[in-house]
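Quick note: residue numbers are just sequence positions, from 1. Computed from a predicted model, the values in this text were never measured in an experiment.
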Amino acid sequence: MMGGKIVWRYLSLAVVACFIISFYSWYALSSTQTRGNPTPHTVKMPNKLFVPTDNTVPKKEESLDNLQRRVHAKEEVIEMISGENNEEWLPIYYANMFNNNTLISYLKERLLGYCNPPEVPTTGKEGLVVPGYSLESVHILIRHGDRTPLESNGMGSSADINCNLMIVSETLPDKMFELLATDFNEWKELLRKEDELMLSDMKLKSSLQKSAVSTLNMNYVSALLTDSNKCRTSQLTPSGWRQHLAIGDFLRKVYTPHKLFNPQAIDHKDIMNLQTTSFSRTMQSAIALLYGLLPEDQILKTPPMKIARALNFCYGASCNCPAAQQLLNTVSSEKAKHKTDNSYTREISKGIKKVLYDKTPNSPKLPHFFALLDHFTSFLCHGEKLPCGPTKCIELDQVQQVFQYVDKLEQDLKAHEDTTSMKHARLFMYPLLKDIADAIALNKTDHRFSLYSGHDLTITPFLAILGLSDFRWPNYASRIVIEAWSKAKMVFIRVLYNGDDMTSNVSFCRNKLNQDGLCPLNKLLDFVNKQNFVLFESKSYKEACFATQM
């Protein structure tokens, strides 16, 4: 009996030993494989427009509720391109032509900037200052994201772009975009309901109605989710949404260390100044940026956006500036004269018209060059073939000629300080620059974060009033950022354009920076309150606006 117990004891020990050895072998093998093939933090994709395979599209995490999924997406945003991938973005239909034809290098470079493809990571120098400074406030002026052309202008068929957010989100490895589309789908259904709401739904609906989201027309948003897939004219495309989502996410990362927002705050209504023009594309761009900027579901803690009827964000008496309107009329005449009196532009127009209409009788007149470029880039930015006529298609070199002309025209019109276009910018954008300067000088707590969502016709003159020299047609989702920093009771500003620090080039900051590359606030205030009007031989904005002759 005793011998049997001993044998059984040894057999038990042998079984346990075998199990331990087997487990250790499995663990060692697994560890070795993991160390040899680390799980990447990014999803590597070709730096082009692409159709993802089943392996590239992240699976929905059905076990997590919406809030958890939002948190997860904000903390581990899937970057569509690894920083190690040096392959350039190119319009996929013309990739080989761009790679093999150096004669269209200008167009290649401009498209990468202008289209601002969301596949390319957002970078910038925002928030980068010498240690020792405290961030006081951030003021951002943006151009809306990628959109369809403003009008057809008799140019024939438009690019085939799908604007259904839900459908498009399911084809892209972009988790945050997928969650935004899902949230919007839920929100628009909730805002439509008037009865039979649970308490939690009633609270969410109340939060939506009091936040920045309330600015959106939810009937219009419904069309983005459930109606025809075909984009309408002047509509923000899914690429436009994703551009500003990426910018918001980038700014969240760079400003979080500076405690721009208090994550524990009940809401952000007392520190945010949100303004947009009255167009759906600017409202949606602002919402997309805020969705990427704020952690978790804090977009519901934002204040409603103030809607500006003017492109320069003026209100009341500040909009009454006859001199600015007079100058704008003169600029428009100069642009028209520049085109009709220019043999170069007549030759370009002749070539484009021949392709599109050939010998078609009573063919429509071509629109102005900005509208031409608007139409052509809608194809190229989405990787589609350029429009064709009866026998031929528009060539890349023709688009390049239009781009070069538009950029050159902007440079010529603002070649020096006292041109008509520059004078117009100095008056037209004064109300916005004054608003930002006062917010910084008075340390307005309700302007700790300001967002102005506008257009190319907002960005261009604002660059001009700052004295910056980049007068090329602004990219989609362009951004101008003015940061206010303090140290030893002194306040300084930084000015950035599309992530580049332009402070040293700002007219009133040149050769006046401190040792850390920041511009004293008093230089901005002196310009806003005095120097800006010297050009008009006036002492105030009102006096300059009502001068009898410009």
Side-chain angles (χ1 to χ4, degrees), residues 110-111 113-118 120 122 124 139-151 158-159 161-163 165 168 176-177 180-181 184 212-213 215-217 220-221 223-224 231-251 273-293 299 302 305-313 370-371 373-375 377-378 380-382 406 428-429 432 450-463 470 472-481 497-499:
R110 283 299 275 124
L111 283 177
Y114 183 77
C115 297
N116 198 1
V120 177
T122 301
H139 310 265
I140 304 174
L141 172 64
I142 60 173
R143 183 191 180 189
H144 57 74
D146 177 82
R147 57 151 172 75
T148 53
L150 294 178
E151 50 189 318
S158 58
I161 306 171
N162 189 336
C163 275
L165 299 187
V168 175
M176 193 182 296
F177 179 57
L180 178 141
F184 266 68
V213 179
T215 311
L216 295 177
N217 181 333
Y220 188 88
V221 171
L224 302 176
C231 291
R232 306 167 183 174
T233 57
S234 69
Q235 182 174 344
L236 191 72
T237 69
S239 290
W241 285 88
R242 293 175 61 213
Q243 286 165 345
H244 281 295
L245 270 175
I247 291 174
D249 181 61
F250 168 75
L251 295 177
N273 165 43
L274 308 178
Q275 299 188 35
T276 175
T277 61
S278 58
F279 298 86
S280 62
R281 59 186 178 274
T282 54
M283 297 177 189
Q284 292 164 9
S285 294
I287 293 296
L289 189 149
L290 291 170
Y291 192 96
L293 175 73
I299 191 171
T302 55
M305 287 189 282
K306 186 176 182 180
I307 299 178
R309 301 299 173 186
L311 301 185
N312 62 342
F313 296 95
F370 285 90
L373 201 53
D374 196 28
H375 188 67
T377 53
S378 70
L380 292 174
C381 290
H382 292 269
V406 167
F428 184 63
M429 295 313 301
L432 177 56
S450 294
L451 176 63
Y452 305 87
S453 186
H455 308 259
D456 53 337
L457 296 179
T458 314
I459 292 286
T460 299
F462 198 76
L463 288 173
D470 191 334
R472 302 200 299 185
W473 198 13
N475 305 338
Y476 281 128
S478 284
R479 66 187 189 274
I480 300 174
V481 178
Y497 180 46
N498 291 335

Is the charged tip of Arg281 near the ring of Phe279: under 6.0 Å from the six-membered ring centre and within 45° of its axis? yes
Working to the nearest 0.5 angstrom, can you tell me the gap between Met429 CE and Asn312 CG? 5.5 Å
One pair to check against side-chain contact (heavy atoms from CB on, under 4.5 Å): Phe184 and Ile287. What are the steps and the verdict? CA-CA 11 Å; Phe184 266 68; Ile287 293 296; 3.5 Å; yes
Could you go step by step and tell me if Ser378 and Thr148 meet the side-chain contact (heavy atoms from CB on, under 4.5 Å) rule? CA-CA 6 Å; Ser378 70; Thr148 53; over 6 Å; no
For the CG atom of Leu251 and the CZ atom of Arg479, what is their distance to the nearest 0.5 Å? 6.0 Å
Criterion salt bridge (charged side-chain N to carboxylate O under 4.0 Å, His left out) on Arg242 and Asp249, from CA distance to verdict: CA-CA 10 Å; Arg242 293 175 61 213; Asp249 181 61; over 6 Å; no
Do the side chain of Ser278 and the main chain of Arg309 share a donor and acceptor less than 3.5 angstrom apart? no
Strictly distance-based, threshold 3.5 Å: is any side-chain N or O of Thr302 a donor or acceptor partner for the main-chain N or O of Ala212? yes
Might you point out which heavy atoms bring Ala286 and Met305 nearest each other, and give the distance in Å? CB-SD, 3.6 Å
Interatomic distance, Cys115 atom SG to Gln243 atom CD [nearest 0.5 angstrom]: 9.0 Å
Keeping Arg143 on the side-chain end and Pro474 on the backbone end, is there a donor-acceptor pair under 3.5 Å? yes
With side-chain contact (heavy atoms from CB on, under 4.5 Å) as the criterion, how do Phe313 and Thr277 come out once you've worked through the C-alpha distance, each side chain's angles and the decisive distance to 0.1 Å? CA-CA 7 Å; Phe313 296 95; Thr277 61; 4.1 Å; yes
Straight-line distance of Leu463 CG to Arg472 CZ, nearest 0.5 Å: 12.5 Å
Of all the heavy-atom pairs spanning Leu274 and Leu290, show the shortest one and how long it is. CD1-CD1, 3.7 Å
Going by atom types alone, do Ser285 and Ser453 pair a side-chain donor with an acceptor below 3.5 Å? no
Rounding to 0.5 Å, atoms CD (Gln284) and CG (Leu236) come to a distance of 5.5 Å
Identified side-chain contact (heavy atoms from CB on, under 4.5 Å) partner of Tyr114 from the options Leu373, Asp146, Asn475: Asn475
Closest non-hydrogen atom pair, Pro238 against Leu165: CG-CD2, 4.1 Å
Do the non-hydrogen side-chain atoms of Trp473 and Arg110 ever get within less than 4.5 Å of each other? yes
So which heavy atom on Leu150 is nearest to which on Thr233, and how close? O-CB, 3.8 Å
Does the side chain of His139 come under 3.5 Å of the side chain of Asn273 through a donor N or O and an acceptor N or O? no
Using 0.5 Å steps for rounding, measure from the CE atom of Met176 to the CG atom of Leu245. 6.5 Å
What one should report as the nearest heavy-atom pair of Asp374 and Pro149 is OD2-CA, 3.4 Å
Under 6.0 Å between ring centres: does that hold for Tyr291 and Trp241? no
Can you give me the closest heavy-atom contact between Cys231 and Thr237, atom names plus distance? SG-CG2, 4.5 Å
Do the rings of His144 and Tyr476 sit parallel, tilted or perpendicular, given the 30° and 60° boundaries? tilted
